[in-house]
Amino acid sequence: MSKYKEFKGLNMPSIEEGVLDIWKKDKVFEQSVRNRDGREPFVFYEGPPSANGMPGIHHVISRTLKDLVCRYKTMQGYQVRRKAGWDTHGLPVELGVEKELGITKEDIGKKITVEEYNRKCREAVMRYKQQWEDITEKMGYWVDMSDPYITFDNKYIETLWWALKTLYNKDLLYKSVSIQPYSPAAGTGLSSHELNQPGTYKDVKDTTVVAMFRVRAASESEGVNAKQEEIFAAARGAWAPFVQSPIGGGMLAIEQAAQVHFMAWTTTPWTLPSNCGLTVGPNIDYVLVQTFNPYTHKPANVILARALLGKYFKPEAQESDFALYTAESKLLPWKVIGEYKGSELEGLRYEQLLSFDGNTREIAGGDPWRVITGDFVTTEDGTGIVHTAPAFGADDYRVGKKHNIGILTMVDKEGKFNDYTGEFSGRYVKDYKNDPGYKDVDVDIAVKLKLEGKAFKVEKYEHTYPHCWRTDKPVIYYPLDAWFIRTTAVKDRMIELNKTINWKPKATGEGRFGNWLENMVDWNLSRSRFWGTPLPVWVSDDGLEIKCIGSIAELTDEIKKADKALGLNQYADMKAGEFGLPDSVDLHKPYVDKIVLVSDSGKSMTREPDLIDVWFDSGAMPYAQLHYPFEAHHERTLKHNFPADFIAEGVDQTRGWFYTLHALGVMLFDNVAYKTVVSNGLVLDKNGNKMSKRLGNVVDPFSTIEQYSADASRWYLITNASPWDSLRFDIEGIKEVQRKYFGTLYNTYQFFALYANVDGFTFKERYIPIDQRPEIDRWILSVLNTLVKDVTNYMNDYEPTQAGRAMEYFLDEQLSNWYVRLCRRRFWKGEYEHDKICAYQTLYECLETLSRLMAPIAPFFADWLFQNLECVAKRHECTSVHLADYPLADADAVDKDLEERMQMAQDISSLVLSLRKKVNIRVRQPLQKILVPVLDKHMQDQVQQIEELVKNEVNVKSIEYITDDEGFIKKKLKPNFKSLGARMGARMKAVAAAINGMNGQEIAMLEKEKNIALSVDGEQVNIGIEDVEIIAEDIPGWSVANKDNLTVALDITVTPELQDEGNARELVNRIQKIRKEAGLELTDRIAVEIEEYEPLKSAIIHFNDYICAEILADNIKLIPNMNGGTEVEINEAIIKVLISKNS
RNA sequence: AGUCUCGUAGCUCAGUUGGUUAGAGCGCUACACUGAUAAUGUAGAGGUCUCCAGUUCAAAUCUGGACGGGACUACCA
């Protein structure tokens, strides 16, 4: 006969190794998918990880989430294919390679060919593939890694090209110049979603300058307006009294003193050489202020917004004596000598602040160095006058273009000043190279301005500034040519369709994602890089004709066409060379760049050098993984794989993958790409800090799993907090899960196996109908079926946390702590017949059902448990829990009355135990009775049915029910605030007091008549029986305990008979201990000799049969003055006991 | 800077539509049990529900404000 496996101790990691072996050997995953052939598909997309970095613990949480949903749906009968994928393009790969080779972007094409570089990238892409596969397997994530989609694969790229061409044909792909976030360190523009990576914005301290732009005098500029004259006149007038006075330590010329400056603040002084204009708000009030330059101490007149005067000038120095000002003065005298609207200043010309060979008027084009107006100007900070460098700000570019002030770009793409910037030529504007000797060029510019009297204030200023998500270096805004996808054209549709997506949590979809859609801008696709999907766009040399290629076949045709028209031999050359058209193509750089096509009008065309954003790669994954539309039956295949029923990734993908999937789904197929999306939160360390390599607080998933098992980790990650809440990861939590949940489950199984093996229970008997089982069995099965229903609902709602917690409660509180504990005796006492078989069947069913319920979350342990049970009982046809069906709740097994009264049994027991504790009478000492006041017939019925359980549990002989008829109970009324409150309103307090003050007679009246009139504040108030809760609060003369409306009193009189019985039990207890210490088998029979001792004698005589039965003794001999034996203590008496095994 | 979100026991978290004694687990303390035994049970201590104001008969719960954490948006000179 086969037996249930018994174990020495719980070792989860070793259990998992064993289960993993079976999964591999039997190809359980493959089976679980193949078994569902022909069943309704449940479509899941795997967001491709990049195997370029090591997996971390945060990957484990999102993959657990994905895995458990897929396993759950599989067990529910869906076919869930899970195709793995690898994200292989992009900057991280490039940077990794550059680091490895010790080169920078500039070296590509010089020290190393593009071809070689890309070959290195291709090799580097899968650097950690082994570790990824390893963690995938060890954490129990079932995903098909045998045939993954790989984004650098030609077929994959071909689909991307198809998608791009489709967009092109819909006029959703276009080229434009724009000011974009650009990372000089990475040498590339950044898309908005890249800029929206968490951690991109950092606090930095920059040197800021309030620069002074000198207004040009009438003689210096044409088209002087009246306002300008007025300004100068005011300045002259203000300084006139000081002419030839010794202010500033010298003779003062009026024209010198009357110079006027615009004040403009910048946090990026390096953009000042590229300044082309000053922008004012047309409706903002500006003032002309007479003062001194704080650095040169020479007379100065400045213009700034009135609202910001307080930032630069102290009220106490207003109109103080200018004549007393010296270089040592603490306060700067100032006086408002003119006032103008922004619109009045428009058109004024000023002297270029810093002029070099490279920023002349000719180079700028347009008409630079004028005051212009812009709506975006505020008076929140700065001076209310905005230094405008069109090349380095989107607002600046727009307003500059509008007013034709030209553009100057004095910084090159590497982030350094160009060669025509005087002493600053060649200097990096930020430390992009990690140069230890780097000197902040902003500081030097500030110093120069100070010396030249062109700075009013220089200070450090802390603000947040965007950084490149990969290099961690500051981004700058830079004019770039780029290809865009016109996502704004489908904005409304994207918003509309988003409303049909089931977001978990909801707020992310409506809030974060919804807002993002509302504020969407066109998708900047272009990347100036080397390793990525090339943009399949060819442009004629004059830029007038464009061709977008949508497939390899089309490209081949076009090449042949070009060969013919232009007399080239590309096709043949390529076929012979690496490119190998049309079979084994490499669509990457540099090969595609060599291809020359011909335009319709016969001009030669070359490819746009850009690569595309890697997010396009992953966003097109639903189609590209199928090589759509280039395979047979592609429409049908797509129909079965699009859209996804479910995807899940970290919340950081909201503007990444979730967005690009959605955008492409809408633009290509006018459909959502996924119906449900779960975005899980961040994993923080136990102190709530973000995990980062820098802080050294990252948790290594490998060692965690090795040490504490995958299941305990998974269970912890899922049940500790909802997936979308951020999780404070604490290894102690995993230990707790292991001990509490899995330890309990293991013990329960061990308990079952131990006795089932003794009795030979293999579930060979007929399944005993539930109504023929004892109360407690029916109870646990009722609870079990309620659990099945709850868990199923939670799982359907993508609430695995609730599902897991429900299972924890069932296992700990109900199954282990109540059912098993109360039923222990049934398993080891008595014959193998009806009651015992009921117990085995019931416990078996609980364990087996639980194993299936928990299988999605804890796949290893569940399978281990399932197989341990099933290999003997064989109630299912399958060999693994993952091939089984998910349990279905049996509504007929649920009995709410039964669940309610069992709760009462637990409450009553708990109350009695606390009473015993109070008077210090141990449970082994039997007591005569407890009193339970019953408020109605139903309550009495309920308690009566669980009477036996309670009596056993608390060791009392009887339960007495008391009703009010006996006048025993002191009742109390608790007002029902909910029902009364609505009616009574402001009188509620008085009414409550009146109810609390009702005497026994009045309560009896209320119970009888169902309502009573009370006088409250002189008013009659009618109280119905439903307005109060009646509680039996006290039984005079007894010690009582209560919880809610349950009250229990305990009779603590220990009669001599009870004392004897208690002693007998003590004796049994001691002898059992001796048996155990002597190493006897459970079934060994013994003979017992006990020293005669008067106080215990009657107990032994009266309870002889009971004692013998309990300890398996044939008889007990009382020996006066016994020699030998073991001394035991019973109620403070010490006697000797000797047992011997009967053969 | 704005928006969202969170703030409950030493720790991790529950807390229904507002309803009068705010709960659990872990940890801690004490005890019990000893045929689940490296298991189990019971009890106890531990709270200004971040703070202030308001609405209400009644606020952990609703409103406003402050403070603190987190995320997001914007980058603004």
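In this text, all values refer to a predicted model and were calculated from it rather than measured experimentally. So you know, we letter chains A, B, ... as the sequences are listed, proteins then strands, and number each from 1.
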Would you call Glu736(A)-Arg739(A) a salt bridge at under 4.0 Å N-O?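 Salt bridge flag = no for Arg739(A) with Glu736(A).
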Could you tell me how far apart [X] ([atom1]) and [N] ([atom2]) are, to the nearest whole angstrom?
X          : N       : atom1 : atom2 : answer
Gln906(A)  : rU42(B) : CD    : P     : 9 Å
Arg821(A)  : rU42(B) : CZ    : P     : 6 Å
Leu822(A)  : rU40(B) : CG    : C1'   : 13 Å
Arg1070(A) : rA32(B) : CZ    : P     : 11 Å
Leu754(A)  : rG35(B) : CG    : C1'   : 9 Å
Tyr819(A)  : rU40(B) : OH    : C1'   : 17 Å
Ile921(A)  : rC33(B) : CD1   : P     : 13 Å
Leu278(A)  : rA77(B) : CG    : P     : 15 Å

Inter-nucleotide [atom1] distance ([N], [M]), Å rounded:
N       : M       : atom1 : answer
rC49(B) : rC62(B) : C1'   : 16 Å
rU50(B) : rA9(B)  : C1'   : 15 Å
rA1(B)  : rA59(B) : P     : 34 Å
rG54(B) : rU42(B) : C1'   : 45 Å
rC11(B) : rA74(B) : P     : 36 Å
rG27(B) : rA39(B) : P     : 11 Å
rA60(B) : rU16(B) : C1'   : 14 Å
rC6(B)  : rG15(B) : P     : 12 Å

Indicate yes or no for a side-chain donor-acceptor contact from Tyr746(A) to the backbone of Tyr741(A) under 3.5 Å, with no hydrogens or angles considered.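 Between the backbone of Tyr741(A) and the side chain of Tyr746(A) there is no qualifying donor-acceptor contact (under 3.5 Å).
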Please check: side-chain N/O of Thr207(A) versus main-chain N/O of Asp442(A), any donor-acceptor pairing under 3.5 Å?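 Looks like no, no N/O pair under 3.5 Å.
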Mind checking side chain to side chain contact (heavy atoms under 4.5 Å, CB included) for [X] and listing every partner two or more places apart, or none if nothing turns up?
X         : result
Ala391(A) : Ile407(A), Thr409(A), Pro479(A)
Leu913(A) : Arg916(A), Val923(A), Val954(A)
Asn817(A) : Glu813(A), Arg821(A)
Leu308(A) : Ala305(A), Lys311(A), Thr379(A)

How would you label the contact of [X] with the nucleic acid (heavy atoms, under 4.0 Å): base, sugar-phosphate, or nothing?
X          : value
Val923(A)  : nothing
Asn1069(A) : sugar-phosphate
Asn817(A)  : sugar-phosphate

Please test Arg805(A) against Asp790(A) for side-chain contact (heavy atoms from CB on, under 4.5 Å), starting from the C-alpha separation and ending with a verdict. CA-CA 11 Å; Arg805(A) 287 176 180 174; Asp790(A) 291 346; over 6 Å; no
Would you kindly say whether [X] and [Y] are connected by a side-chain donor-acceptor distance under 3.5 Å?
X         : Y         : result
Asn757(A) : Glu6(A)   : yes
Thr279(A) : Thr388(A) : yes
Thr271(A) : Thr268(A) : yes

Along RNA chain B (nearest heavy atom to each residue), the more 5'-positioned of Thr388(A) and Glu1066(A):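 Its nucleotide being nearer the 5' end, the pick is Glu1066(A).
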Most 5' of Tyr716(A) and Arg824(A) on RNA chain B, judged by nearest nucleotide: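 Result: Tyr716(A).
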Sequence neighbours left out, what passes salt bridge (charged side-chain N to carboxylate O under 4.0 Å, His left out) with [X]? Give chain and number order.
X         : answer
Lys457(A) : none
Glu799(A) : Lys504(A)
Lys740(A) : Asp812(A)

Pairs under 3.5 Å (Watson-Crick or G-U), crossing ones as [ ], inter-strand ones as |: RNA chain B comes out as (((((((..((((.....[...)))).(((((.......))))).....(((((..]....))))))))))))....
Would the base of rA36(B) count as contacting Ser816(A) through its side chain, where contact means a donor and an acceptor less than 3.5 Å apart?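 When only heavy-atom distances are counted, Ser816(A) does reach the base of rA36(B) through a donor-acceptor pair under 3.5 Å.
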Strictly below 4.0 Å, heavy-atom distances to any atom of RNA chain B: list the hits from residues 741-752 of chain A, or just say none.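 Heavy-atom contacts with RNA chain B come from Asn747(A), Phe751(A).
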Side-chain N or O of Ser910(A) less than 4.0 angstrom from OP1 or OP2 on rA43(B)?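 Answer is yes, contact under 4.0 Å.
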Between the protein and nucleotides 22-31 of chain B, are there any N/O to N/O pairs under 3.5 Å, and if so, what are the atom names and distances?
residue: rG25(B); atom: O2'; partner: Glu736(A); partner atom: OE2; Å: 2.9
residue: rC26(B); atom: O4'; partner: Glu736(A); partner atom: OE2; Å: 3.3
residue: rC26(B); atom: O3'; partner: Arg739(A); partner atom: NH2; Å: 3.3

Table of protein N/O atoms under 3.5 Å from nucleotides 13-15 of chain B N/O atoms:
residue: rC13(B); atom: O2'; partner: Arg805(A); partner atom: NH2; Å: 3.2

For Phe742(A), which residues count as a ring pair (Phe, Tyr, Trp, His ring centres under 6.0 Å) partner, sequence neighbours excluded?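 Result, ring pair (Phe, Tyr, Trp, His ring centres under 6.0 Å) vs Phe742(A): Trp715(A), Phe861(A).
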Within a radius of less than 6.0 Å around NZ of Lys836(A), do more than 12 heavy atoms belonging to other residues, nucleotides or ligands occur?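 Enclosed.
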